[in-house]
Amino acid sequence: MIRTTRKILRALVGQKLLDYVTLTTTLCDVEKIINNRPLVKASNDLNDMEALTPSSLLLLRQNNSVLPLTERVPVKLNKRRREAQEIADSFWQRWI
């Protein structure tokens with residue numbers, strides 16, 4: 001998992017320098033993506049329970065936390081969050 005994550009992040013970020021806030025936010029988003037992957041094959045049946053994930057084992061519930069982009073956040077932080085979100089979205093596309 002670490003090798004795959006590092007390989008994808010290296011391809012996405014490359015030689016670009018990220019500031020501390022953007023890097024930490026991106027890594028938290030990536031961590032959520034990895035920990036929400038199913039450990040067992042997911043069923044298409046609506047009556048079945050949700051697939052077991054590492055996150056559900058750690059938290060004893062599904063991890064649905066999301067940091068919404070709001071206008072109350074200072075513009076500089078909002079810009080950093082958008083940049084981190086774009087990297088996380090690209091990570092997700094490569095991950096799947």
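Fair warning: this is a prediction, and the values are worked out from it, not measured in the lab.
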CG of Leu27 to CG of Leu23, rounded to nearest 0.5 Å, is 4.5 Å

CD1 (Ile33) and OG (Ser55) are apart, to the nearest 0.5 Å, by 12.5 Å

Check your understanding: Do the side chains of Phe91 and Thr26 get nearer than 4.5 Å, heavy atoms only?
Key -> no

So do the side chains of Asp89 and Gln85 get within less than 4.5 Å of each other, counting heavy atoms only?
-> yes

Between Thr53 and Asn35, the two heavy atoms sitting closest are CB-O, 3.6 Å

For Leu18, does its backbone N or O pair with a side-chain atom of Thr22 as donor and acceptor, under 3.5 Å? no

Examine Ile87 and Leu17 and state if one hydrophobic cluster contains both, with Ile, Leu, Val, Met, Phe, Trp and Tyr joined whenever side-chain heavy atoms are less than 4.5 Å apart. no

For Ile34 and Arg37, the nearest pair of non-hydrogen atoms, with its separation, is O-NH1, 2.7 Å

For Arg94 and Ala11, the nearest pair of non-hydrogen atoms, with its separation, is NH1-CB, 3.2 Å

Legend entry - Atom CD1 of Ile2: over 12 foreign heavy atoms under 6.0 Å: no

Applied to residues 4-23, the salt bridge (Lys or Arg N to Asp or Glu O under 4.0 Å) test, sequence neighbours excluded, yields Lys16-Glu83, Asp19-Arg80

Interatomic distance, CD@Glu31 vs CG@Asn36, rounded to 0.5 Å, equals 10.0 Å

Minimal heavy-atom distance between Ala84 and Asp29, with the atoms involved, is O-OD2, 4.2 Å

By side chain to side chain contact (heavy atoms under 4.5 Å, CB included), Thr4 pairs with (sequence neighbours left out) Ile8, Trp95

With sequence neighbours left out, the residues meeting side chain to side chain contact (heavy atoms under 4.5 Å, CB included) with Pro38 are Ala51

